[in-house]
Structure formats: C-alpha cells, structure tokens
Amino acid sequence: MQLSRCSLSLRPRSGEQVPPLTAQIARASNPGGTTAIWVRDRRDGLWHDEDFADWYPRDGRPGLSPAQLATVCVLQFLFGLSDRQAAEAVRCRIDFKYAMAMELDDPGFHHSVLADFRDRLTEGDRADRLLDLVLARLKESGLVRERTTQRTDSTHVLATVRDLTRLELITEAVRAALEEVAGTAPHLLDELVDEDWARRYGRPVRLGKNPTKPQTRIFATGNDAVRLLEHLYQHGSDRTSGPRAQALRQIMVQNYHRDTAGRLRWRTAETEGGPGLPPSSRAIVSPYDTSARYARHGHIITWKGFSAHLTETCAPDGPNVITDVTTTAATTHDSKVLPGIHTRLHRRGLLPAEHLVDSGYSSPVHLDQATRQHEVTVTGPLPCNPTRQHRQGEGFGRDDFHINYDRRQLTCPQGQTSSSWHGPYPTSSPTAAPLIVAKFAKSQCHPCLVRARCTSSRDGSRNVGFPPRKFRDLQVRVRDEQQTPEWKARDAVRSGVEGTVNEFALATACGAAATAARRKPTSSTS
C-alpha cells in the first residue's frame, strides 16, 4: 500500500540490532558473506534514523525507517535494480533483511515508497549532506582516505521532456500555462478561451519539423500567448502566477520581439533590426523544466538536459568509492567544474594527491591553481593548440615561434622578431590563462616567401597569442610528460571511471523511469 507523504512522521530506531534469527539464517546461508551483509558488519549500517530527523514532520503516522530506505537505494544502485526489484529483494532476500536489521517475516514495503524517499532526497542540499555523512563514516573505517588517487569524468543527463521545435515549444508553453490557470483560477479563462483555443491547445502539441502554414501558426500562437499574459496582468494574476505562466513569459521574450511599429516578430539567428536568439546557456527548451538546456558534444552527441560529474577513488590498495557528485547545466564546460570539486573534497577532508581527468577538465590555469591551493597534482591531457595551422597540420603554428620573455620578443621560423608585444590580457573565460599578443608588421611578413604557410590575413601581418611564462612553462612540461610511458600508464587508470559513470547513468535512468511512471506527467514527457 502506498503511503501518503504528508501523513508520515519519523520515529527514530536508535541502536537497532540485527534480530538473532535473521543473523543466524544469514550466516548459515551465506558463510562467505555478501555485499549487503558487509555493509551491516563493517559500519553497522551506513546511516541512522536520527540523521534524517529534519526530513519528516513530528506528527502523523510513523513512517518506514529512512535509514533502511537509504540503504536500499545504495544496494539498488550496486545491483542495478528497479524500484519493484529492490522492494522484492527486501521482501525475499535474507542478506537484504540482515543489512536493514529486519525480522525474517517482515513483509517490507511498497515499491513506490522509494520514489517518495528520492523526492525528499532532492530537496535542498539533503543529497550532499547525506553523501558527506557516509563519506565521513567510511573515512573513520579506513575505507576511504585523503591524499590517494582519484579520477573524474562526466556524462550527459537527459531531462524528462520531449524534444520540441521552437514552434512546438511556444504552443506547448501556451497549453501548459492554460492548464495551470485552469487548475488555480478557472474563472479567469471564461472571457478568453473559446472553441478555437480548445482545438489548438486541448492536447499535447505534435507539429513535427515541417508543419503546415508555419508562419501563420507562429504568429497566431504568439498573439494567443500575448493575449493570455495581458489578460493575467489585467486581472492582477501575473504577480501570483505559477511556474508555467512564468515560463511562457520567458519563452516569449526569447522567441519573439517587437519591431519599430510595435508588431510581433519571430526571432531568428540574425534578426534584422532586433536582437537574435539567446545563447544555448540561456535558451529554455521546455515549459516543464526551465533549467534544462540544449548542448552539443563534438559533432555527434546532442541532448537537452544537464551534465553529471562523478569523482571516485581509484587507489590500487582500496575500494573505489564515489567522493563527489555534482550536476551542472548541459552548457557548462567541464573545465569550470574542477575548482568546485576540489573545494568540496577539501571540506570533506578527502583531497587526492593525484587527480586523473580528461582534456575537458585540464588547463594550465587549473593545474597551477590545484597545486597552489590544494597541493593536488592534476593529471590529464592538455587541450591541443587552437591555431588554424595546428588544426590543419600544415604551416607555422604558435609552437613554431620562439618566445623570449625577458626581451619581450617573439621570433618567427624565418628569423624575424616581433614589432610589438602587448598584454597579458584577461580572457573571456575564467578558466583560460591570460593572453600575451605579439605582432609582426606588414613590412616584415609581406615580402616573406613562405607567408602563405604562416598567415592568411588580408594585410599580410601575423598576430600570435600565448600565455605568460608561468603557464607556458607548465604547458610545455606537461606536454612533454604526456609522451612518456609512465604518464600514459597513470592516465590509463582514468578510463576506469567510465564504468562507474555507466552504472550511475543506468541506475539514474531506472529511478527516473520509476518516478515518471508514478507521476505520469503526460504533458511533459514523451
């Protein structure tokens, strides 16, 4: 039986011990022990009910033990179980009953309770606090410790929304706002909604990429959205409108604009006489999840949602333990995440001696910052030289020039020295090193016989940008180390985190599917 969330209260079970009969049968049937038995024996459980005291109200019917539910979630992840399978394992498996200190005849719980527990877990910073707690107890047991080797990688997380075209997005946003107003203040729609509105917005939109009369639909839907928002404003409901109406307002601003005559116009990438489309980092892709973003990784992977970054220990003499999990917008570059990971690991007392990452996280700035602030050696391939010559594999790239920092001069492969030296200038990205720019004059480059291999600028000159000496020396040293067998052997360990990322993605998908099935959000999911 599914229990109502608001009716449950917490009754802590302090010092709960495994029932004697459960312990006897579990030991007899599993003399070598299992993962579930090990969890109970090594730590007497990972959590206690008192750790969840602020999750539940003080009055109401006694609920299930949150420490037990949290333990089930961990075992569910380890064994790749769905909610139904996890609930069945609690009911049928002796080692699960042992791990949660349950009597053998305990019937367990309904699988929907796990979805309710995860809902509570996502509120505020509860997930981080729970992770801090279990890591502190694992650290006390010696199963995880500071100044070992850790590794980090990321994966994309799909939002539970349909893939909508821009026209579908506007139409669905109007429909979602209408449904929201109909549920909170239906009288406001009496003067507004007619049969045409019911026909256009009565069910989830399915227009496809090539709808009939797209221009007519674009402006009809836009005008309907304007009428709805103005109607809410006139009745004072815009100040108390819910998230769907607020999302509609933002989506309208991002997809329409007013021309000089005050007429509604459709935004394009290069809107004439007005601003273009917002960048992906700000563009809303669904009225049901305004935090999801569209992102592209390389030329193959595209998704709408978020990015999840996992860090785990990988010392050869200990178990692999996840020490940090963070979720960012899909458009957030990996390089911006590393400082935050080190800050959280420092707070937990679990900073690594060496941190293995891929090229998305590494940069000379981060390598230097991690060493100075946390005494952490970041090991990962540095991004390639960004110059056109290096990408095409021909001509003279930045690395072909000799830099003399003391004399503030740059010497090209043909022996010419730069005519000017400016900077360092701060870059637009906080993760990139400052940039020094040295320039070769037109009079130097124009007569050069190999100018075509060096520059394609119209005036024949060449500008070369490079980082200050500290970052340049670090960059050269790391790139030289990357060619050694020792460095490649250390970097090969990093790939092991991909298995953890895969398990994380599968477990998250199972949990999300169970929660979606429980809520049945037909208006927002495919």
K.L.:
To the nearest 0.5 Å, tell me how far His333 NE2 sits from Ser363 OG.
P.N.:
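Here the rounded value is 9.5 Å.
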K.L.:
Leu350 versus Lys139: any side-chain heavy-atom pair under 4.5 Å?
P.N.:
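In contact.
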K.L.:
I would like to know whether Leu277 and Arg166 meet side chain to side chain contact (heavy atoms under 4.5 Å, CB included); could you show each step before the answer?
P.N.:
CA-CA 11 Å; Leu277 294 171; Arg166 287 178 61 201; 3.3 Å; yes
K.L.:
Given salt bridge (Lys or Arg N to Asp or Glu O under 4.0 Å), test Arg27 with Asp41 step by step and report yes or no.
P.N.:
CA-CA 12 Å; Arg27 294 296 183 191; Asp41 288 345; 2.5 Å; yes
K.L.:
Less than 4.5 Å apart, any side-chain heavy atom of Val285 and any of Leu169?
P.N.:
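The answer is no; the side chains never approach within 4.5 Å.
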K.L.:
Any chance you could measure Trp303, atom CH2, to Arg293, atom CZ, to the nearest 0.5 Å?
P.N.:
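So the CH2 of Trp303 and the CZ of Arg293 are separated by 13.5 Å.
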K.L.:
Distance alone, cut at 3.5 Å: any donor-acceptor contact between the side chains of Glu312 and Thr500?
P.N.:
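Yes, because at least one side-chain N or O of Glu312 sits under 3.5 Å from a partner of the opposite role on Thr500.
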K.L.:
Does the side chain of Gln150 come under 3.5 Å of the side chain of Asp324 through a donor N or O and an acceptor N or O?
P.N.:
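There is no such pair (donor and acceptor under 3.5 Å, judged by atom type) between the side chains of Gln150 and Asp324.
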K.L.:
Between Thr311 and Thr152, is any side-chain donor less than 3.5 angstrom from a side-chain acceptor?
P.N.:
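Checked: Thr311/Thr152 side chains pair up, N/O donor to acceptor below 3.5 Å.
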K.L.:
Would you call Met102 and Phe96 a side-chain contact if the rule is heavy atoms closer than 4.5 Å?
P.N.:
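A side-chain contact under 4.5 Å is absent here.
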K.L.:
Please find the pair of heavy atoms, one from Ala433 and one from Pro467, that lie closest to each other, and give the distance.
P.N.:
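Result for this residue pair: CB-CB, 4.1 Å.
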K.L.:
Among His366, His309, His355, find the one that has a ring pair (Phe, Tyr, Trp, His ring centres under 6.0 Å) with Tyr361.
P.N.:
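Output: one option passes, namely His309.
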K.L.:
Working to the nearest 0.5 Å, report the span between CG of Leu310 and OG1 of Thr155.
P.N.:
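Here the rounded value is 8.5 Å.
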K.L.:
Taking all non-hydrogen atoms of both residues into account, name the closest pair between Leu474 and Asp368 and its distance.
P.N.:
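Distance-wise, the nearest heavy atoms are CD2-N, 3.9 Å.
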K.L.:
Got a second to check how far Phe52's CZ is from Phe117's CZ, nearest 0.5 Å?
P.N.:
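Rounded to the nearest 0.5 Å, the CZ-CZ separation comes out at 4.5 Å.
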K.L.:
Taking all non-hydrogen atoms of both residues, which atom of Val72 and which atom of Val90 are closest, and how far apart?
P.N.:
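So the two residues come closest at CG2-CG2, 3.7 Å.
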K.L.:
Does any part of the side chain of Gln373, heavy atoms only, come nearer than 4.5 Å to the side chain of His342, both counted from C-beta?
P.N.:
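His342 does not reach Gln373 side chain to side chain.
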K.L.:
Determine yes or no for a side-chain-to-main-chain donor-acceptor pair under 3.5 angstrom, with Arg40 supplying the side chain and Ala99 the backbone.
P.N.:
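Here the side-chain-to-backbone pair exists.
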K.L.:
I'd like to check Ile403 versus Trp421 (side-chain heavy atoms, cut-off strictly below 4.5 Å). Are they in contact?
P.N.:
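Heavy-atom side-chain distance check passes, below 4.5 Å.
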K.L.:
Using a strict threshold of under 4.0 Å (side-chain N to carboxylate O), is an ion pair present between Asp406 and Arg469?
P.N.:
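Counted as a salt bridge, because a side-chain N and a carboxylate O are separated by less than 4.0 Å.
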K.L.:
Where do Pro381 and Asp491 come nearest, in terms of heavy atoms and distance?
P.N.:
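Distance-wise, the nearest heavy atoms are CD-OD1, 3.9 Å.
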K.L.:
Indicate yes or no: at least one non-hydrogen side-chain atom of Lys304 is less than 4.5 angstrom from one of Leu158.
P.N.:
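Sidechains of Leu158 and Lys304: no contact.
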K.L.:
Take Val501 and Ser154 through the test side chain to side chain contact (heavy atoms under 4.5 Å, CB included) and record every step on the way to the result.
P.N.:
CA-CA 7 Å; Val501 169; Ser154 64; over 6 Å; no
K.L.:
Is Asp128 paired with Arg344 through a side-chain N to carboxylate O contact shorter than 4.0 Å?
P.N.:
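So Arg344 does not pair with Asp128 through a salt bridge.
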K.L.:
Give a yes or no on whether the ring-centroid distance for His156 and Phe306 is below 6.0 angstrom.
P.N.:
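No, too far apart.
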K.L.:
Assess the residue pair Glu486 and Arg490 against the criterion (salt bridge (Lys or Arg N to Asp or Glu O under 4.0 Å)); give the C-alpha distance rounded to whole Å, side-chain angles, the decisive distance to 0.1 Å, and a yes or no.
P.N.:
CA-CA 6 Å; Glu486 294 78 13; Arg490 296 203 315 273; over 6 Å; no
K.L.:
For the residue pair Arg249 / Gln246, report whether a side-chain donor-acceptor contact shorter than 3.5 Å exists.
P.N.:
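Yes, because at least one side-chain N or O of Gln246 sits under 3.5 Å from a partner of the opposite role on Arg249.
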K.L.:
Identify the heavy atoms of Leu248 and Ala173 that sit nearest to each other, and give their distance.
P.N.:
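So the minimum-distance heavy-atom pair works out to CD1-CB, 3.8 Å.
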K.L.:
Rounded to the nearest 0.5 Å, what's the gap from CZ on Arg118 to CZ on Arg126? Could you check?
P.N.:
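The CZ atom of Arg126 is 15.0 Å from CZ of Arg118, to the nearest 0.5 Å.
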K.L.:
Can you tell if the side chain of Thr323 reaches within under 4.5 Å of the side chain of Thr313, non-hydrogen atoms only?
P.N.:
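Yes, at least one pair of side-chain atoms sits under 4.5 Å.
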K.L.:
Any side-chain donor paired with an acceptor under 3.5 Å for Arg472 and Gln475?
P.N.:
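Arg472 vs Gln475: donor-acceptor pair found between side chains.
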K.L.:
Check whether Glu88 reaches the backbone of Gln85 with its side chain - one donor and one acceptor, N or O, closer than 3.5 Å.
P.N.:
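No, the answer is negative, given that no donor and acceptor are paired below the 3.5 Å cut-off.
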K.L.:
Would Thr160 and Asp289 satisfy side chain to side chain contact (heavy atoms under 4.5 Å, CB included), going step by step from the backbone distance to the final call?
P.N.:
CA-CA 8 Å; Thr160 54; Asp289 190 345; 5.5 Å; no
K.L.:
Go through it in stages, so that I can follow the logic: the residues are Asp51 and Arg129, the test is salt bridge (Lys or Arg N to Asp or Glu O under 4.0 Å), and I'd like the CA-CA distance, side-chain angles, deciding distance and then a yes or no.
P.N.:
CA-CA 10 Å; Asp51 300 329; Arg129 285 190 289 148; over 6 Å; no
K.L.:
Is the number of heavy atoms from other residues, nucleotides or ligands within 6.0 Å of CZ (Arg84) greater than 12?
P.N.:
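Not more than 12 within 6.0 Å, no.
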K.L.:
Using a strict cut-off of less than 4.0 Å between a Lys/Arg side-chain nitrogen and an Asp/Glu carboxylate oxygen, indicate whether Arg137 and Glu140 qualify as a salt bridge.
P.N.:
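Answer for the salt bridge query: no.
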K.L.:
Test Asp83 against Gln76 for side chain to side chain donor-acceptor pair (under 3.5 Å), laying out the working first.
P.N.:
CA-CA 8 Å; Asp83 286 354; Gln76 180 183 8; 2.8 Å; yes
K.L.:
Sub-3.5 Å donor-acceptor pair from the side chain of Glu354 to the main-chain atoms of Thr149, do we have one?
P.N.:
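Flag not set: sc Glu354 to bb Thr149 has no pair under 3.5 Å.
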K.L.:
Do you know the tightest heavy-atom contact between Cys314 and Val493?
P.N.:
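So the minimum-distance heavy-atom pair works out to SG-CG1, 4.0 Å.
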K.L.:
Is there a donor-acceptor contact under 3.5 Å from the side chain of Thr22 to the main chain of Val18?
P.N.:
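Checking the backbone N and O of Val18 against the side chain of Thr22, no donor-acceptor pair under 3.5 Å is found.
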K.L.:
Are Arg93 and Tyr98 in a cation-pi setup, meaning NZ or CZ lies under 6.0 angstrom from the ring centre and within 45 degrees of the ring axis?
P.N.:
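Geometry flag: not set, cation outside 6.0 Å or 45°.
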K.L.:
Quick one: CD on Gln369 to NE2 on His374, what's the gap to the nearest 0.5 Å?
P.N.:
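Atom-to-atom, Gln369:CD and His374:NE2 are 7.0 Å apart.
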K.L.:
Are Glu481 and Arg477 ion-paired here, with the side-chain N under 4.0 Å from a carboxylate O?
P.N.:
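Salt bridge flag = yes for Arg477 with Glu481.
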K.L.:
Working note: Val253 + Gln250, criterion side chain to side chain contact (heavy atoms under 4.5 Å, CB included); need CA distance, chi angles, decisive distance, verdict.
P.N.:
CA-CA 5 Å; Val253 171; Gln250 295 177 21; 5.8 Å; no
K.L.:
Check whether any side-chain heavy atom of Thr371 sits under 4.5 Å from a side-chain heavy atom of Val376, and report yes or no.
P.N.:
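No, side chains not in contact.
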